[in-house]
Every structure is written in C-alpha cells, then in structure tokens.
Amino acid sequence: MFESLSKKLQSAFQVFSRDKELTEDNLQKAMREVRVALLDADVNFSIANALVAAIKEKAIGEKVVKSVSASQQFIKIVHDELVKLMGSEEKPLRLKASPSVILLCGLQGSGKTTHAAKLAYYLKEKENKKVLLAACDRQRPAAIQQLQTLGKSIDTPVFNVENESSALKVAKAAYTEAKKSNFDVLIVDTAGRLELDDTLMEELISLQKSLDNPSEVLFVANAALGQKAASIAKAFNDAVSITGTILTMLDGNARAGSALSILKASGMPIRFEGIGEKPEDLQLFNPTSMADRILGMGDTINLVKKAEEHFNEEESEQMRRKLRRAEFTYEDYISQMNKIKKMGSIKSLLKMMPGMSALGDIDIPEDQLKKTEAIIYSMSKKERQNRCELIVSRRKRIANGSGNSMEEVNRLVKGFKRMKDMMKKLPKNKLSEKMLGEKQWH
C-alpha cells in the first residue's frame, strides 16, 4: 500500500542528489516535496504539517557528517521522525486479568469480526493462550455465523446465545463462561455502523462497564479510511477510551494516511496490523518496520521474525556447515523451499527484502514451485544427494518422470547452482543468522 508514497518521498530525496550537505535552500525544496507526498497519501493535514516541521527542525540542527551524503542524512532524519510519530516501539497487549477481556470496536466494514478471529489465532499460537470468542455483533446479518465459521477454522470456541438480541446479555454470559471454564482471554466482537452514531457509542459504553473495564479496548480501522481515521479514532477514544488500534487491510491499495494519522489523533498505540486474508496474517505493529516500508527499504524486521518461526537453531547450524563445505544438496534445496513457502508467498517475501521493491511486481508462481518439486522428487536418491553428475541421459529420464521438459530441468540445475553460490555469499546479518546459523551478528 506504500508504493505511491515511497515513490514521492524518493523524489523528494533526489533534491539532494548533487549536494554534499544540507542547506536552507535544498531543505526548503525537499520539505515541499515531503509535505505534498504526505497529503497525497491522505495523511491528516495538521499531522502532515507537524511532521514536516519536526523533520525541518531536526535537519537544520543536524551536524554535517563527511562520510554521509546530504541525501542519506535527510533520509535518516525522515525515518527517525516517522518512527517517533508512530510510537517508537512495539506495544504488546497488556493481559493481566484472568480472564483478560479484549473489546473490539470500529465502523462496519473495518474487519472487526475477521480480526477477532485473527487475534484469537495470534494469542493461541504465539502466546499459548486459551481464548474464547464472544459473538456480540447482534446487528449485522450473518455476523454470528461468520464468527462461528472463523472460530471453527482456527479451532477456537465461539460463545453465542441463540435468539438473543441484546449484545449486553450475551457479553455478560460470555464473561461468566470464560471465568467458569478458565479461559485466559475473552475477545468480544461488537456491532459497527456505516457512520458514527449515539446508539453505537451507548452500546459500547454499556459493554465496557458490564465487562469490568476490559484489559484492552481495540479500535479496528480499515487502512482505506486515510485521514478520516484520525477523527473516527478520536470519537471512539472519547467514548470508550481505546487502548490501541488494529490497522486492517494493509495488503490492499489504500494510501498510507491511516498509519500515520491514528496514533497522533488518539494518543494510543497501533498494536497490530492485518496484512492478508489468512488467520495468520496479523502481526505486531512495529514503527521501525512501518517506516522502512514507507521509505521503500523493505521489512527485514518482520522477515527475521518469520525466519525465527520456521528455522530452528540446530537445523540452521547444519545448513550453514553444509553450505560452507559445499555439501548443499537437492534434498536440502527442497527442504529450504518448503520452509520458505510456509513463511508466505515468494512475492510477499521478496517485497520484505531491502531494495527488491525497486524491481517491480515480481513473483514465482505456485505452479513453478510445484514443477521444481516434481523434478527433484523424480531424481534418484544419489542424484538428490549430489553423489553423481546429472548428465544428459539422467536429465532426460528426470524430465520424463516429472512430466517436464529438458529445458525446465536444465533451468532448475542452473538455479540450484546459483542458489548455492548466492547462499555462500550471504552477508552476515540477522536474517542469515536465523536461516543459515550464522553467529557473527553484531
């Protein structure tokens, strides 16, 4: 969703391309470009002005570093101010009570029901919590059924009272059940409206009081709201004192205004961001990660987190030794490929790598990965373990056995050799440490 803003900010940075230091003149030109970029991205007007003023003030007082260009200095200042604007660091949930209650609120269409299930999945899988979902959206047709279907898909119970129209009664009964059955967390899905109204707010206030003041009141906001998100977040905050935000649909084509406006308007942190349609597509909001993405620098923070989930230390160390000794095999290749597939689509992973966004919308189709698997599985054990040369006759047999052409087999063999060379040359950083067992991370 940040492609347009990223391009416009890159254009602002070009102002310094021929300059060795920051001056009043080049700063004035760059700040105009930055301000236009922010407003085009639907950032709230006053917030855009405040951010521009903060960047300018910091830049004017910046000492010249001889080894760093004016452009690099300015980019760092913009990055730092973006991080500061969005809260500086991750803000995990505060779940101290038993059960801890999380009350979700927001407008209709913001994704509350979907993200109630995503949040339940996150707490269950990442924090080992026993979670109960409460179906308290009694206004929208099929909302209850939707939550029940989602709950079943993630193996999480959904509390409901048949033929009960009062959200308050359902919430109270769900809270009693959560206590009685020793659930760690109760997530309460609530009704939304197309616009803010008194009835919606009164129901939320009543729910908040009946649930003994929930541990968290999370405002669920669609990223497509843009700068409107700021005023809507403030309205919900004034009514029920929200403790944080879940920003949804960041995988879409919405502009970046919501991400930059909500926190400043409500004074409360963005806790999570929804990045896709699957239950696992919810992650902690990290201001540094978001600033990286806005500036087109990739997203190594969340890429490393994904790697940590799928590559354990022992396997990574074994892989490192194999690569350094040139013992990496086709069996290892397919094993690594399967792990990487579990981390997400190749397209999404490439976008998270610094510099890759500049290459455009590239991807490796799923059917291509299946062809690769078929070719490797058509090899003999010796061939998969690199214990014999893949001469032409062997390649023909593999092509016939896998239902592929010789050209596709040859392409895989070349790709395998390139991957071996590339992985040997991987820089010693946190990502390669997790994936390949590198220890020299500083």
Side-chain angles (χ1 to χ4, degrees), residues 93-124 129-152 154 156-194 196-221 232-233 235-246 248 268 271-272:
L93 296 174
R94 300 168 299 181
L95 304 176
K96 296 178 181 178
S98 184
S100 293
V101 179
I102 301 174
L103 181 66
L104 301 184
C105 63
L107 296 181
Q108 188 173 312
S110 61
K112 285 191 305 301
T113 302
T114 304
H115 283 76
K118 285 184 180 182
L119 186 55
Y121 182 87
Y122 177 92
L123 292 171
K124 183 179 164 188
K129 301 291 186 184
K130 184 181 177 185
V131 183
L132 178 65
L133 287 159
C136 292
D137 182 351
R138 316 307 283 190
Q139 303 292 327
R140 182 169 62 88
I144 297 167
Q145 186 180 0
Q146 182 190 0
L147 189 63
Q148 288 172 332
T149 301
L150 289 167
K152 188 176 181 180
I154 60 172
T156 299
V158 175
F159 185 89
N160 180 43
V161 180
E162 292 293 339
N163 302 316
E164 177 55 68
S165 61
S166 170
L168 197 60
K169 288 180 181 178
V170 176
K172 285 179 178 178
Y175 186 61
T176 300
E177 174 61 24
K179 269 188 165 182
K180 185 179 78 174
S181 300
N182 297 315
F183 281 93
D184 299 311
V185 182
L186 172 65
I187 299 175
V188 181
D189 184 28
T190 65
R193 302 286 193 280
L194 292 174
L196 293 167
D197 63 41
D198 293 339
T199 306
L200 169 63
M201 293 307 184
E202 285 168 10
E203 181 176 274
L204 284 172
I205 292 166
S206 298
L207 282 169
Q208 186 180 37
K209 289 177 180 176
S210 70
L211 293 167
D212 289 345
N213 289 317
S215 301
E216 297 282 358
V217 180
L218 300 180
F219 169 57
V220 182
I232 295 169
F236 275 98
N237 189 46
D238 290 345
V240 290
S241 300
I242 64 174
T243 59
T245 300
I246 299 177
T248 71
M268 290 296 114
R271 298 295 181 88
F272 292 95

Checklist entry - Going from CG on L103 to CG on N213, what distance comes out if it is rounded to the nearest 0.5 angstrom? => result 10.5 Å

Checklist entry - Given side chains that start at C-beta, do those of L218 and L93 come closer than 4.5 Å, heavy atoms only? => result yes

Next on the checklist: Between K180 and Y175 (side chain of the first, backbone of the second, donor and acceptor by atom type, cut-off under 3.5 Å), is there such a pair?
Outcome noted: no

Item to check | Which atom of N160 lies closest to which atom of Q148, heavy atoms considered | outcome: ND2-NE2, 3.8 Å

Next on the checklist: With a 3.5 Å distance limit and no angle check, can you tell me whether T190 reaches the backbone of C136 through a side-chain donor-acceptor pair?
Outcome noted: no

Next on the checklist: Could you measure the distance from the CG atom of L207 to the CG atom of L168? Nearest 0.5 Å is fine.
Outcome noted: 5.5 Å

Checklist entry - How about N237 and M268: do any of their side-chain heavy atoms sit closer than 4.5 Å? => result yes

Next on the checklist: Are more than 12 heavy atoms, taken from residues, nucleotides or ligands other than D197, located less than 6.0 Å from that residue's CG atom?
Outcome noted: yes

Next on the checklist: Return the CG to CD distance between L204 and E202, rounded to the nearest 0.5 Å.
Outcome noted: 10.5 Å

Next on the checklist: Applying side-chain contact (heavy atoms from CB on, under 4.5 Å) to L107 and I232, what does each step give before you reach the verdict?
Outcome noted: CA-CA 9 Å; L107 296 181; I232 295 169; 3.5 Å; yes

Next on the checklist: Is there a side-chain contact between I102 and L95 in this structure, where contact means two heavy atoms from C-beta onward sitting under 4.5 Å apart?
Outcome noted: yes

Checklist entry - Is there a donor-acceptor contact under 3.5 Å from the side chain of Q139 to the main chain of A191? => result no

Checklist outcome for this item: Residues A239 and M201: closest non-hydrogen pair is CB-SD, 3.7 Å

Item to check | Heavy-atom closest pair, residues G244 and R271 | outcome: CA-CG, 4.0 Å

Checklist entry - Do K130 side-chain atoms and S181 backbone N/O form a donor-acceptor pair below 3.5 Å? => result yes

Checklist entry - Taking side chain as C-beta onward, heavy atoms only, is D184 less than 4.5 Å from V131? => result no

Item to check | Side-chain donor or acceptor of S100 paired with backbone N/O of V185 under 3.5 Å | outcome: no

Checklist entry - Would you say V220 and F236 make side-chain contact, with heavy atoms under 4.5 Å? => result no

Next on the checklist: Once rounded to the nearest 0.5 Å, what's the spacing between atom CD1 of I205 and atom OG of S241?
Outcome noted: 9.5 Å

Next on the checklist: Restricting to non-hydrogen atoms, name the atom on L150 and the atom on T114 that form the minimum distance, rounded to 0.1 Å.
Outcome noted: CD1-CA, 3.8 Å

Checklist entry - Can E164 and R138 be counted as an ion pair, charged N to O under 4.0 angstrom? => result no

Next on the checklist: Which heavy atom of T156 sits nearest to which heavy atom of A120, and what is that distance?
Outcome noted: CG2-CB, 4.3 Å

Checklist entry - Side chain of E216, backbone of R94: donor and acceptor closer than 3.5 Å? => result yes

Next on the checklist: Please check this pair: side chain of T176 against backbone of K172, looking for a donor-acceptor N/O pair closer than 3.5 Å.
Outcome noted: yes

Checklist entry - For T113, which of T149, D189, D137 qualifies under side-chain hydrogen bond (donor to acceptor under 3.5 Å, both in side chains)? => result D189

Item to check | Flag side-chain contact, heavy atom, 4.5 Å: C105 against V217 | outcome: yes

Checklist entry - Is the backbone of G106 close enough, under 3.5 Å, to the side chain of S110 for a donor and an acceptor to pair up by distance? => result no

Next on the checklist: Distance check, rounded to the nearest 0.5 Å: T248 atom OG1 versus K112 atom NZ?
Outcome noted: 10.0 Å

Next on the checklist: Go through it in stages, so that I can follow the logic: the residues are F219 and V240, the test is side-chain contact (heavy atoms from CB on, under 4.5 Å), and I'd like the CA-CA distance, side-chain angles, deciding distance and then a yes or no.
Outcome noted: CA-CA 10 Å; F219 169 57; V240 290; over 6 Å; no

Checklist entry - Does the side chain of L104 come within less than 4.5 Å of V188's, by heavy atoms? => result no

Checklist entry - If you take all heavy atoms of A134 and L186, which pair is closest and at what distance? => result CB-CD1, 3.9 Å

Checklist entry - Side chains of H115 and L119: closer than 4.5 Å at any heavy-atom pair? => result no

